[in-house]
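Here's the structure, in structure tokens; my notes come after.
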Amino acid sequence: MFKTLFKNRGEWIAFLATIILLAVILPLVMPIFRLNLIGKYLTYGFVAVGLVLLWGRCGVLSLGQGVFFGLGGYCMAMFLKLEASDPESTAIQSTPGIPDFMDWNQLTELPAFWVPFKSFPFTVLAVIAVPTLVAFVIGWALFQRRVGGVYFAIITQAIALILSLGIDGNQGWTGGRNGITDLRTLLGWDIRSESAQYILYFVNLILLFGCVLVSKYVTNTRIGRVLVAIRDREDRVRFSGYNVAVMRAVTFAIAAMFAGIGGAMFVLQVGFMSPSLIGIVPSIEMVIFCAVGGRLSVIGAVFGAIIVNLGKTTFSEASPELWLYLMGGTFIAVVMFFPKGLAGLMEKLFSLKAVKAGFASLGSKMKGLVSKSDAKAEEETSSTTPLETPTTNSGK
Amino acid sequence: MIKPTDQQTFLLEVEGLGVSFDGFKAVDDFNFYMDRGQVHVIIGPNGAGKTTVLDLICGRTKATSGNIRFNGKEIRGMNEHNIVRLGVGRKFQNPSIYEGLTVLENLELSHPKGRGVFSCMVFRRTEDIQKRIEEVAEEIGLLEFLETEASILSHGQKQWLEIGMLLMQDSDLVMLDEPVAGMSVRERAETVNLIKKISKNRSIVVIEHDMEFVKQIADRVTVMHLGKVIAEGSMEHVQQNPKVIEVYIGH
């Protein structure tokens, strides 16, 4: 099992280092406000991890992952909104007990599709099942007709537009452009409190690493090889007896499921959901997270989501207009110069040899510390080796 | 009840097959019958429609008329992967293998187990499968190259690997499109041996230009010209056919 998940020591180290950074170091050094922001960025990590499977491995570029992020998010938001709209707290409305935006839109009754979202188990099921099924149906219909490449990308883009406009236009049912806001509690638990934000950050992290492991499993078993084969030699795969359309549709569905979980976690940590988070522009941004991080590496994708979003927050505070150009430029630069993104760069820097050399020097360092004789001298000589090795290796 | 024992059942029956691209009839009223355990070669000048016939049989191109029956079952209009699952294997003109994978992985991916999404996820290389892979690798002369990445194999070895992938699929009918194109003399001789060896328990359709090679392997030859069959029979028989001589000399 371990061997299936991690093909070499480098992958294992990267995975472990990421866990340590996100689960130990950041919570220790960051105030909760910043940590909550990182948690928000990580919800996009779910989408990026799904895109690694879908785009990086299977070669299907979807510019509509926001749709599935949104479906998962709205499912969760509907549940939380219903909980926040109990008759006592909505007593001033003309119809108490329904969400405030419905009351503003002269609705007097909860629409039928909202009713099941009073149940938490149903909501959890819906967060997972709705995006997965929608993606499978769309994917199967399109891949069966051999729609692929740029045409598929355009259609997913159109679906993202349709969904965000549909939500926007049906204010009474969906909250319209403002989205679903003012979400307070989850089963009576105040999700806006500091302790809740800490807990949600870790729940988010566990789910994200669950998704990372699932996609690593998929990548490293036979189905992963089939996906790469579909990307590189679609025809041959058909003539090896595989149903290419179903394989692609399932991959699309898995990516959508990840995105849906991400959306639900976004709602829990940020406290609202709106169509502006799921339309065309956010969907394209999600692809950029994946590209910057490295579309062949799930760990890279997680970092891509964090780094691009950090950049967005930092730069758009200073000059919002400039950020769009900067992000576009980054995307072009990554595609042209680092097609494997950050993960590719890291791989080059820490080629397996360099990692081994690093270990060797670390080992001698430890020995030096233990024996305490000539510790200083040994440390000096050994600390220079790991720095030199990567540079000589990266040239090859 | 009288059993129809005298009635011959063909492995592959193609009747009245035709396809036209924008009014151009690439294959027209094509008839083709194949017995089990035969090597049947289709020859003909460039543009005769040979590759198109293979494309039609394996479902890559959809026919506009005619019937294709495999083991008595109509396969015209079926999806490629379903035709493959019935036992029709197809080798392409240019070696079409998974370049990034090793020889072993190429063969493993062609194994019929694990073609579905979920069986694919839980697929394990059992001893049986490992044994089968080694058997096939030995047959195609790549046993020492199991761990070699397919992209660095020689052209001839790539062709053999693709044939090996069809053997892994357990195809009853193997269709080879120009299997010796670009091969050296020695590689050709080995391919002849390979085809003779594998034809013992399956039927093989070959498209080929090289007449020497055809003579060595063919049980039966079909000559195509402009999408139609102009002669069929043994190699000696078709070589004496005046129409065939005209087509080939005129070419």
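Sequence lines set the chain letters: A, B, ... in the order given, protein chains first and strands last, and positions in each chain run from 1.
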(request) Supply the atom-to-atom distance I223(A) CD1 to M121(B) CE, rounded to the nearest 0.5 angstrom. (result) 4.0 Å
(request) First locate atom CD1 of I97(B), then atom OG of S240(A), and finally report the distance between them rounded to the nearest 0.5 Å. (result) 11.5 Å
(request) Apply the side chain to side chain contact (heavy atoms under 4.5 Å, CB included) test between F239(A) and each candidate in E162(B), R90(B), Q169(B), M175(B); give the one that qualifies. (result)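 Only one option passes, and that is R90(B).
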Per-residue contact mode, [X] against chain A (heavy atom under 4.5 angstrom):
X	value
I83(B)	neither
L101(B)	side chain
N82(B)	neither

Can you tell me which of [options] forms the most heavy-atom pairs within a distance under 4.5 Å of chain A?
options	value
L166(B), V88(B), V117(B)	V117(B)
E108(B), R124(B), M165(B)	E108(B)
M168(B), R60(B), R125(B), E99(B)	R60(B)

(message) Looking at chain B, which one of T251(A), D235(A), V244(A), V246(A) has the largest number of heavy-atom pairs inside 4.5 Å, strictly under?
(response)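 It is D235(A).
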(request) Identify the two heavy atoms, one from L109(B) and one from A229(A), that lie closest to each other, and give their separation to 0.1 Å. (result)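 Looking at all heavy atoms of both residues, the shortest contact is CD2-CB, 4.2 Å.
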(request) Give the minimum heavy-atom separation between R236(A) and K91(B), together with the two atoms involved. (result)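 Shortest heavy-atom separation between R236(A) and K91(B) comes out as NH1-CA, 4.4 Å.
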(request) Could you tell me whether E80(B) and R146(A) have a side-chain N and a carboxylate O separated by less than 4.0 Å? (result) yes
A quick test of your reading: do over 12 heavy atoms of other residues, nucleotides or ligands sit less than 6.0 Å from [atom1] of [X]?
X	atom1	value
Y151(A)	OH	no
K216(A)	NZ	yes
E138(B)	CD	no
K131(B)	NZ	no

Can you check whether [X] reaches [Y] side chain to side chain, under 4.5 Å on heavy atoms?
X	Y	value
C120(B)	V226(A)	yes
V237(A)	Y98(B)	yes
H81(B)	M247(A)	no

(request) Report the C-alpha distance between N79(B) and N243(A) in whole Å, list the side-chain angles of each, state the deciding distance to 0.1 Å, and finish with yes or no for side-chain contact (heavy atoms from CB on, under 4.5 Å). (result) CA-CA 9 Å; N79(B) 276 329; N243(A) 189 340; 5.8 Å; no
